[in-house]
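Reading through the structure tokens given below for one structure.
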Amino acid sequence: MKTPFLTPILLLIAMLIALPGKAQIKIVNQGKPASRIIADTNNPVDKQAADLLQDFIHRISGIRIEITKDIPPRKGDIVIGQGDTNGLTEDGFRLQTNKGTLYISSGGDKGTIYGVVTLLEDYFGVSYYGANEYSLSQMNTLSIPEINRAENPAFRYRQSQSYALREDPVYKLWFRLEEPSEVFAGGLWVHTFDRILPSDEYGDAHPEYYSFIRGERRPGKASQWCLTNPEVLEIVSQKVDSIFRANPGKNMISISQNDGNHTNCSCPECKAIDDYEGGPSGSLVHFLNKLAQRFPDKEFSTLAYLYTMHPPKYVKPLPNVNIMLCSIDAKREVPLTDNASGQDFVKAMKGWSAITHNIFVWDYGINFDNYIAPFPNFPVLQKNIQLFKEHNATMHFSQIASSKGGDFAEMRTFMVSKLMWNPYLNTDSLMRSFMDGYYGEAAPYIYQYEKLLEGGLLASKVPLWIYDSPVTHKDGMLNAQCIKRYNELFNQAEAAVANDPTLLRRVRMTRLPLQYSELEIARAEGGHDLTMIQDKLSTFKQRTAEYGIPTLNERNNTPAQYCQLYVDRYLPGRVKNLALGAKVTWLQEPSKRYKALGETALTDELFGGTTFVESWVGWEGCDGSFILDMGEVKQFSSVESDFLHQLGAWILLPRKVTYSYSTDGQNFHLFGERIQEEDRSPEVKFVGYKCESSAPVNARYLKVEIEGIKTCPSWHYGVGYNAWFFLDEVTVL
């Protein structure tokens with residue numbers, strides 16, 4: 001006879017059946033407590049682990065197991081904080097049974113908590129998905145088999161950015177995530193230069209402390225430090241010392257550049273170091289090493305970000321200098337190893353890993369301009385995390401799913417958190433496991449939707465960017481036929497769970513990015529059925545309000561604002577522009593890549609959205625002017641130009657716009673001018689520069705002259721560098 005082949009699951013069942021009764025540790029037996037939890041309740045981590053275990057045993061069985069301390073264990077007890085710690089690292093744990101007692105031991109920090117989570121998840125059948133969203137089976141008997149299992153995390157620090165962290169304290173523990181406030185002294189975590197040496201306090205008296213940019217010192221909130229100025233080192237050292245003294249128990253701090261690119265100091269002394277070292281990371285590492293030498297028992301984290309991404313040629317960071325390497329410029333449709341932007345990051349990572357074993361990788365899996373838009377980057381997550389692990393990264397921040405309603409926000413954090421603990425898990429199994437538990441009978445349809453998105457993205461050969469727009473993909477993964485199929489799948493998904501309000505809510509929340517994409521594409525294309533668009537807008541408005549979706553982007557523009565803006569700005573037939581299709585003659589041309597677009601986009605009655613990658617026409621570091629030829633003499637009394645305000649992209653509102661009119665194209669008369677005060681607000685907004693005449697004028701030609709800011713001011717991320725302004729529609733009424 002042939003021995004039958006046993007699958008791993010059948011083999012496990014056979015092993016459990018074969019175990020003698022004494023191998024099972026009874027925790028709850030027929031609705032009665034059969035165990036105690038023994039923990040040092042004076043240890044806050046062990047107490048938290050004990051409380052978590054007690055709480056979930058109660059949720060499962062209805063029985064509250066006693067927590068006690070300082071007593072000898074007996075058969076059936078669970079002992080937290082004792083046991084074999086051999087081979088365990090920070091946050092690592094061991095689950096080990098010995099003579100009928102389960103010991104949960106720790107390698108340090110939160111190891112016992114994570115041991116309890118593993119016990120609950122893998123042995124008691126608890127599955128966690130989102131904020132206060134979990135599943136378990138009610139049982140009146142709970143048992144533990146013999147265990148000897150140890151785990152260490154792939155990264156000593158694991159951070160994500162899910163909204164659930166703010167809503168559910170168990171969520172962070174369950175997914176083994178940490179936050180900067182737990183590690184970094186004084187809450188100083190990234191972009192700290194101006195917090196440590198405020199330009200408001202020192203800038204006027206000591207401009208020499210700040211960056212020399214394009215011929216002058218430019219102190220400001222976004223300016224960097226002059227890293228070769230010895231007074232800067234002394235002041236910073238004193239402040240760092242006081243911060244550590246005020247935060248006992250914290251041994252790490254971030255000394256890192258302010259946000260913004262190419263704003264490093266280029267004074268002769270800094271430039272000499274950077275030229276020798278091959279880039280601006282040279283003077284930065286020299287400075288950090290000097291600081292780290294003064295505090296050898298502390299750890300100093302600094303950014304390798306934008307202009308400092310690539311490592312220096314010669315100087316090496318000291319062991320207590322932590323390099324936070326950021327992949328912000330890389331596209332996301334394929335792993336970092338597979339496109340040019342990612343390969344540049346990989347080159348930098350390999351360079352840093354050759355000179356230090358203390359690397360913190362900050363990776364991005366989010367669309368900052370459109371949280372609620374499809375972002376099918378799941379196939380790249382594991383390969384990237386494995387890449388970081390294999391190049392000396394010991395800390396990892398995966399910036400994803402920061403807002404409720406974001407594309408697969410709950411599943412994205414679920415998968416990333418698992419991979420940050422163990423990068424070699426099966427990602428398809430993780431996705432299916434999550435979907436089966438979170439969506440129930442709707443899971444097969446949601447799975448098909450995501451896989452079609454992933455395939456559509458790759459087939460389109462359109463990059464996926466962290467400042468992306470659904471409009472970018474309207475001929476690719478979001479073309480009309482694809483969207484039709486996606487909606488069919490969601491209709492099937494909703495029907496499958498129609499009788500379960502919780503599951504239906506989850507499916508509909510997952511559908512929001514698709515509905516938002518339809519609205520955005522309709523806005524950009526024009527010609528869509530007005531009633532259909534109004535219905536879609538009404539559904540989107542109702543559901544985002546019902547589900548409490550707070551924002552659409554990192555600038556905190558709300559769904560309610562968007563929906564109102566859509567009515568006021570985007571719906572077809574809102575206005576009839578007398579300049580529709582007018583011929584454009586450039587006097588001061590826009591930037592080269594926008595010139596051809598501007599010949600039609602300025603008068604097509606289609607208004608641009610919050611992302612400047614579509615519809616908008618941009619000028620960089622200069623003024624702009626052009627003449628519109630409306631083809632014949634027309635009577636009008638109002639002229640308005642539409643501008644984008646988006647500080648994060650260095651897009652600032654122009655100072656002034658002047659309108660003049662003419663019947664012959666030669667002799668122009670002033671129609672009006674609009675002057676704009678400086679606007680420092682972070683929200684993405686649209687500002688119309690409108691002028692009106694009390695009496696209508698007759699003209700064929702309209703001249704538009706725009707005075708730009710030209711140079712980013714001291715408070716802006718791009719201090720000292722060219723500012724942009726972006727114009728879309730010129731409306732004549």
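Relative ring orientation between Phe408 and Tyr439 is described as perpendicular, the plane-to-plane angle rising above 60° on a 0-90° scale split at 30° and 60°. Using a 30° and 60° split on the angle between ring planes, Phe686 and Tyr570 fall in the perpendicular class, above 60°. Using cut-offs of 30° and 60° on the angle between ring planes, the pair Phe175 and Phe414 is perpendicular. By the 30° and 60° cut-offs, the orientation of the rings of His262 relative to Tyr721 is tilted. The aromatic rings of Phe184 and Phe360 are tilted relative to each other, their planes meeting at an angle between 30° and 60°.
The shortest distance between side-chain heavy atoms of Phe607 and Thr731 falls below 4.5 Å. Looking only at side-chain heavy atoms (C-beta outward), Leu303 and His191 come within less than 4.5 Å of each other. Between Leu457 and Glu454, the closest side-chain pair of non-hydrogen atoms is not below 4.5 Å. Inter-residue side-chain proximity for Met324 and Trp189 is flagged as met; some heavy-atom pair is nearer than 4.5 Å. Side-chain atoms of Asp642 and Trp616, non-hydrogen and from C-beta on, do get closer than 4.5 Å to each other. Using a 4.5 Å heavy-atom cutoff, the side chains of Thr413 and Gln161 are not in contact. Side-chain contact between Leu606 and Arg523: absent, with no pair of heavy atoms (C-beta onward) separated by less than 4.5 Å. Contact check for Ile446 versus Phe490: side-chain heavy atoms found under the 4.5 Å cut-off.
In this structure, Gln399 contributes its side chain and Trp362 its backbone to no donor-acceptor pair below 3.5 Å. The closest donor-acceptor contact from the side chain of Ser327 to the backbone of Ala330 lies at 3.5 Å or more, if one exists at all. A side-chain donor-acceptor contact under 3.5 Å links Arg158 to the backbone of Arg176. Under the 3.5 Å distance criterion, the side-chain polar atoms of Gln515 are left unmatched by any main-chain donor or acceptor of Thr539. Proximity of a side-chain donor or acceptor of Asp428 to a complementary backbone N or O of Met431 within less than 3.5 Å is not detected. Side-chain atoms of Tyr689 do not come within 3.5 Å of backbone N or O of Ile706 as any donor-acceptor pair. A donor-acceptor distance shorter than 3.5 angstrom exists from the side chain of Asp728 to the backbone of Gly608, with no hydrogens or angles considered. A donor-acceptor contact shorter than 3.5 Å is absent between the side chain of Asn261 and the backbone of Leu306. With Glu518 contributing its side chain and Lys536 its backbone, the two residues share no donor-acceptor pair below 3.5 Å. Not a single donor-acceptor pair under 3.5 Å links the side chain of Asn557 to the backbone N or O of Glu683.
Under 4.0 Å is where a charged nitrogen must lie from a carboxylate oxygen, and between Glu167 and Lys172 no such pair does. Looking at Lys595 and Glu589, a side-chain N of the basic residue comes within less than 4.0 Å of a carboxylate O on the acidic one, giving a salt bridge. Salt-bridge formation is not detected for the pair Arg505/Glu546: no Lys NZ or Arg NE/NH1/NH2 atom is positioned less than 4.0 Å from an Asp or Glu carboxylate oxygen. For the pair Arg680 and Glu678, the salt-bridge criterion is met [side-chain N within less than 4.0 Å of a carboxylate O]. Note on Glu494 versus Arg506: no salt bridge recorded, every NZ/NE/NH1/NH2 to OD/OE distance being 4.0 Å or above. Between Asp338 and Lys383 no salt bridge is recorded (no basic side-chain N to carboxylate O distance below 4.0 Å).
Between the side chains of Glu520 and Tyr562, at least one donor N or O lies within less than 3.5 Å of an accepting N or O. At a cut-off of 3.5 Å, with distance as the only test, no side-chain donor of Glu178 or Gln159 sits close to an acceptor on the other residue. A donor and an acceptor atom, one from each side chain of Glu133 and Tyr438, are located under 3.5 Å apart. For the residue pair Tyr447/Arg432, the side-chain donor-acceptor check at 3.5 Å is satisfied. Looking only at atom types and distance, the side chain of Gln646 has a donor-acceptor partner in the side chain of Asp369 under 3.5 Å away. For the residue pair Asn370 / Thr611, a side-chain donor-acceptor distance below 3.5 Å is found, with atom types taken as modelled. There is no side-chain donor-acceptor pair under 3.5 Å between Asn479 and Asp475. Inspection of the Ser256 and Ser254 side chains reveals an N or O donor paired with an N or O acceptor under 3.5 Å. With hydrogens and angles left out, the side-chain atoms of Asn339 and Glu333 include a donor and acceptor closer than 3.5 Å. Asp363 and Ser398 share no donor-acceptor pair across their side chains, judged by distance under 3.5 Å alone. For Tyr171 and Asn132, the side-chain atoms include no donor-acceptor pair closer than 3.5 Å.
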Item checked: Trace of the side-chain contact (heavy atoms from CB on, under 4.5 Å) decision for Glu488 with Tyr445 -> CA-CA 9 Å; Glu488 290 171 352; Tyr445 308 108; over 6 Å; no
Margin query: Under the criterion side-chain contact (heavy atoms from CB on, under 4.5 Å), I'd like the reasoning laid out for Phe726 against His645: C-alpha separation, chi angles, the key distance, then a yes or no.
Written below: CA-CA 8 Å; Phe726 274 81; His645 170 85; over 6 Å; no
Next item on the list: Applying side-chain contact (heavy atoms from CB on, under 4.5 Å), run through Asp344 and His310 and close with a yes or a no.
Entry: CA-CA 9 Å; Asp344 188 46; His310 286 278; 3.0 Å; yes
Check: After noting the C-alpha distance and the side-chain angles of Gln564 and Arg569, does the key distance pass the side-chain contact (heavy atoms from CB on, under 4.5 Å) rule?
Finding: CA-CA 8 Å; Gln564 185 60 51; Arg569 178 182 172 86; over 6 Å; no
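Of all non-hydrogen atoms in Gly440 and Leu503, the two that sit nearest each other are CA-CD1, 4.1 Å. Of all the heavy atoms in Pro590 and Gly618, the pair that sits closest is CB-O, 3.3 Å. Between Gly624 and Trp619, the closest heavy-atom pair is CA-NE1, 3.5 Å. Across Pro550 and Ser403, no two heavy atoms sit closer than the pair CG-OG, 3.7 Å. When all heavy atoms of His528 and Ile533 are compared, the pair lying nearest together is CB-CD1, 3.4 Å. Closest approach of Leu644 to Ile651, counting heavy atoms only: O-CG2, 3.3 Å.
Here the straight-line distance linking atom CG of Leu537 with atom CE of Met532 works out to 11.5 Å at 0.5 Å rounding. Distance check: Thr337 OG1 to Met349 CE gives 9.0 Å after rounding to the nearest 0.5 Å. To the nearest 0.5 Å, atoms CD1 (Ile709) and CG (Leu652) are separated by 6.0 Å. For the atom pair CZ of Phe378 and OG1 of Thr427, the computed distance is 10.5 Å after rounding to the nearest 0.5 Å.
Within 6.0 Å of the CD atom in Glu441, the count of heavy atoms belonging to other residues, nucleotides or ligands does not exceed 12. Dense packing is recorded around CG of Asn426, with more than 12 heavy atoms of other residues, nucleotides or ligands lying under 6.0 Å away. Taking a 6.0 Å sphere around NZ of Lys685, one finds it holds more than 12 heavy atoms contributed by other residues, nucleotides or ligands.
With a 6.0 Å cutoff to the six-membered ring centre and a 45° limit on the axis angle, Arg332 does not count as a cation-pi contact of Phe375.
In summary, of the residues considered (Tyr134, Tyr163, Tyr128, Trp174), a side-chain hydrogen bond (donor to acceptor under 3.5 Å, both in side chains) with Asp168 occurs for Tyr128 alone.
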